[in-house]
There are 2 protein chains.
Amino acid sequence: MARERKFSREELYLETKELLLQHGYEGYTFTLLANQLDISRAAIYKYYDNKEELLSEYMLYELTNFLNELKKVSKEKTFSNQFHALFEFIFSDMSLYHLRDIGLQIPKVNKKVAENKKKISKIIVELYTSLQHFIDLGRSEKILREDIPTSLIIGMIFQTVNIPNTEKIPHDDWVKKIKDVICHGIFTE
Amino acid sequence: MARERKFSREELYLETKELLLQHGYEGYTFTLLANQLDISRAAIYKYYDNKEELLSEYMLYELTNFLNELKKVSKEKTFSNQFHALFEFIFSDMSLYHLRDIGLQIPKVNKKVAENKKKISKIIVELYTSLQHFIDLGRSEKILREDIPTSLIIGMIFQTVNIPNTEKIPHDDWVKKIKDVICHGIFTE
DNA sequence: CTTGAAAGTTACACTAGTGTCAATTATTAT
DNA sequence: ATAATAATTGACACTAGTGTAACTTTCAAG
């Protein structure tokens, strides 16, 4: 029994993502967001007290989605299948690793933000556990090396996503090459 | 025949680097910089018309230094020696790759900035050429794989620097492991 | 068809950063 | 000493973003 909303939460999150990647944490403003969504700035304050609150909630949403996708991946039976599935989905949205850095910058300006940050930490732990299982599987199948720290293996996978494809190699080729290098290195045998 | 300067260009660049890494491009302000250097904000305007000018000049300085270091590396005779020297120096200052991204964000607000950006592009070309020679040497010595694009090899080296060492593995070990993974991959043979 | 609740807007006071300029300070050659 | 000059400062007007409160609009339940 009220007026129809001019913007959905999803739309708001979508624009937020764009603006965050474009302007970074400090460059992201409600003024900018309101313009993009074609609403008045004050409307946003009906839902969020400040940008920290909005952003911590957005990060929570983004990470929750990510965790769900990751859980899908872990349904694959073999390590090899999980590995390829993981790449497929990481490369479908390459911005996540960058967004994580931004998430770390959010200061706890109030109780709600502090709570969200706590929830985010919890999700990150879950993410890490899930990835740990993935790595363990690879090791138990004697595919992954035992002498490389887990955090390094995970880091390699997530960082390489961000290597700029300056030579404009077709996406599928590019992904294949990156996988290859991660698995076998840049040296000849 | 004048008053002594309260801050050197080097000090200014040093603080600029800190602030840039801490606050990002949009969060970097003259107000912040002046406070850090313990001078008045207006003093900065005697040397730079605006932050774009300062930052483009700073980037130029940083990249020029980087290029010089890289040239030193390329004096090594064998690929292997160059490879280890390159790692040593990249890991001595892990922030460069991140700074490069920031450099790209500077808008050409006036002629001087546009000129600096042109110079920066030139240095980046030189950097790339120098790295290309390095890769070529590795290939001619049959150490580097022929089937991996140059930009991917270079990207791997520079991106992996940023993998967070969450397990707090001692620096030397960490660097050794990263090198190992880049060279031979995460898979068992 | 009216009323009240949710959605949205307009307006205001406030804060932080910008760019400029006249005034002040410190140094040194004479 | 002191004049010349470069370095620095304080003060001003301006812009962009923030957070709040009073208001208007929309819509559907009674």
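Numbers restart at 1 for each chain; the letters A, B, ... are given by sequence-line order, proteins then strands.
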Chemist: Identify, between B:R41 and B:K6, the residue whose nearest nucleotide on DNA chain D lies closer to the 5' end.
Modeler: B:K6

Chemist: Is A:Y47 close enough to C:dA6 that one of its side-chain N or O atoms is under 4.0 Å from OP1 or OP2 there?
Modeler: no

Chemist: Determine the contact category for B:L32: base if any of its heavy atoms lies under 4.0 Å from a base atom, sugar-phosphate if only primed atoms, P, OP1 or OP2 are that close, otherwise nothing.
Modeler: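 Nothing, no heavy atom under 4.0 Å.
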
Chemist: Would you indicate which nucleotide in C:dT18, D:dG19, C:dT25 comes nearest to any side-chain atom of A:Y45?
Modeler: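 Selected nucleotide: D:dG19.
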
Chemist: Output the rounded distance in Å from CD (A:E52) to C1' (D:dG19).
Modeler: 12 Å

Chemist: Check the distance between C:dT10's P and A:I44's CD1 and give it to me in whole angstrom.
Modeler: 14 Å

Chemist: Return the value, rounded to whole Å, for the distance between atom CZ of B:R3 and atom P of C:dT27.
Modeler: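 Going from CZ in B:R3 over to P in C:dT27 covers 8 Å.
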
Chemist: Apply the side-chain hydrogen bond (donor to acceptor under 3.5 Å, both in side chains) test between A:Y25 and each candidate in A:Q105, A:E52, A:K51; give the one that qualifies.
Modeler: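 One option only clears the test, and that one is A:E52.
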
Chemist: Between B:E4 and B:A42, who's closer to the 5' end of DNA chain D by nearest nucleotide?
Modeler: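 Its nearest nucleotide lies further toward 5', so the answer is B:E4.
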
Chemist: Decide yes or no for A:L152 and B:I186: does some side-chain heavy atom of the first lie under 4.5 Å from some side-chain heavy atom of the second?
Modeler: no

Chemist: Find which nucleotide of DNA chain C each of A:D38 and B:Y28 is nearest to by heavy atoms, and output the residue with the more 5' nucleotide.
Modeler: A:D38

Chemist: From CG of A:N35 over to P of C:dT9, roughly how many Å is that when rounded to an integer?
Modeler: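 Result: 12 Å.
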
Chemist: For A:K46 and D:dT25, give me the distance from atom NZ to atom P, rounded to whole Å.
Modeler: 15 Å

Chemist: Between D:dT8, C:dG8, C:dT18, which nucleotide has the shortest distance from any of its atoms to the side chain of B:T29?
Modeler: C:dT18

Chemist: Quick one, A:Y48 and A:E57 - any side-chain contact, counting heavy atoms below 4.5 Å?
Modeler: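 SC-SC contact between A:Y48 and A:E57 confirmed.
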
Chemist: How many Å lie between CG on A:L33 and P on D:dT18, as a whole number?
Modeler: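 For the pair A:L33 CG and D:dT18 P, the rounded distance is 10 Å.
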
Chemist: Are A:Y28 and A:I102 packed together at the side-chain level, in the sense that at least one heavy-atom pair is separated by less than 4.5 angstrom?
Modeler: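 They are not in side-chain contact.
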
Chemist: Any base atoms under 4.0 Å from B:S40, or only sugar-phosphate, or nothing? Heavy atoms, all strands.
Modeler: base

Chemist: In whole angstroms, how far is the C1' atom of C:dA26 from the CD1 atom of B:I39?
Modeler: 16 Å

Chemist: Rounding to a whole Å, what distance do you find between B:L37:CG and D:dA7:C1'?
Modeler: 14 Å

Chemist: Among D:dT8, D:dT24, C:dT18, which is the nearest nucleotide to the side chain of B:F30?
Modeler: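 Minimum distance to the B:F30 side chain belongs to C:dT18.
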
Chemist: Go nucleotide by nucleotide along DNA chain C from the 5' end; which of A:F7 and B:T31 gets its closest nucleotide reached first?
Modeler: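 It is A:F7 whose nearest nucleotide is closer to the 5' end.
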
Chemist: Verify, without hydrogens or angle tests, whether B:E11 (side chain) and B:S8 (backbone) share a donor-acceptor contact under 3.5 angstrom.
Modeler: yes

